[in-house]
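Small disclaimer: the values here were computed from a predicted structure and weren't measured.
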Amino acid sequence: PNTLSAEGFYELGCFTARQAQALVDYRTRQGGFRSELEWRDCYLIDSALWEQTKPYLRLSPLPKKLVELNSADSLALVALPGIGPRTAHDILLYRERLGGYYSVAQLLDLKVVTEENYRLFCEEFWCDSCKIRKIDINFAPPKELAEHPYITTPRLRRILITRQTKGGWKGLEDFLSDDIFTPEESAKLAPSFQ
């Protein structure tokens, strides 16, 4: 049932053309049939049809659909194992503060994400770094810089003083070479700045 088209269901002789299309639509909304019970519980399958199709039922494994972390909404997050409403809320808030995730491992920065539940869902995500909202380090207001979770108050002061005395930076490499941040901190910040 995960691979048949509407025509294929119709050709079985068990469904009208309209029922066959409704079955394909139902399967699409559900993301496929994961078990015999899901097939049996489909509103289009009555007990007689269940008994008739049971011996021939073969469920191919469903391909894993990864969630893009920088565009996912709370519903997509809560649907994953190990993520409840509170965790989803914190993931979205942190994403807003960061401007976007460049790595799934950044979720470990959150207090609500433990190593155990991270292992449950880390393979479910991918990050599109093109969706990261960039901060212009030469012109961003201090408040915008202060909201970034990787910029502490002392670092913010150093950025603002250096920016004022130096007149800004020609590029990100120039900014990172001013030793305001450690190499590890610079690597974490690089995706967020231009």
Residue Tyr10 excluded, over 12 heavy atoms near OH under 6.0 Å:
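It does not: Tyr10 OH has 12 such atoms or fewer within range.
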
Count the heavy atoms of every other residue, nucleotide or ligand shown that sit under 6.0 Å from CZ of Arg97, and state whether that count exceeds 12.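 Buried by this count: over 12 neighbours within 6.0 Å.
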
Exam field: side chain [X] to backbone [Y], donor-acceptor pair closer than 3.5 Å:
X: Glu124; Y: Leu80; answer: no
X: Arg95; Y: Ala72; answer: yes
X: Arg133; Y: Glu96; answer: yes
X: Gln19; Y: Thr16; answer: yes
X: Asn70; Y: Lys131; answer: no
X: Arg27; Y: Leu4; answer: yes

Would you please say whether a donor-acceptor pair under 3.5 Å links the side chains of Tyr150 and Gln106?
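Yes - a donor-acceptor pair under 3.5 Å links their side chains.
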
- If we ignore angles and hydrogens, is there a donor and acceptor under 3.5 Å between the side chains of Asn117 and Thr114?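 The criterion, which ignores hydrogens and geometry beyond distance, is satisfied for Thr114 and Asn117.
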
Contacts table for residues 186-194: side-chain donor-acceptor under 3.5 angstrom, sequence neighbours left out:
unit_1: Ser186; atom_1: OG; unit_2: Thr182; atom_2: O; d: 3.0
unit_1: Ser192; atom_1: OG; unit_2: His148; atom_2: NE2; d: 3.2

Notebook entry, point to check: Can you tell me how far the OH atom of Tyr101 sits from the CH2 atom of Trp126, to the nearest 0.5 Å?
Noted result: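 Going from the OH atom of Tyr101 to the CH2 atom of Trp126 covers 15.5 Å.
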
- [ ] With rounding to the nearest 0.5 Å, note down the distance linking CG in Leu98 to OG in Ser103.
- [x]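 Between Leu98 CG and Ser103 OG, I get 11.0 Å after rounding to 0.5 Å.
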
- Query: Would you call Lys166 and Asp178 a salt bridge, taking side-chain N to carboxylate O under 4.0 Å as the test?
  - Reply: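 Looking at Lys166 and Asp178, the cut-off is met.
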
| task | Kindly work out whether a path of hydrophobic side-chain contacts (I/L/V/M/F/W/Y, heavy atoms less than 4.5 Å apart) joins Val78 to Phe121. | result |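 Different clusters: Val78 never reaches Phe121 through Ile, Leu, Val, Met, Phe, Trp or Tyr contacts under 4.5 Å.
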
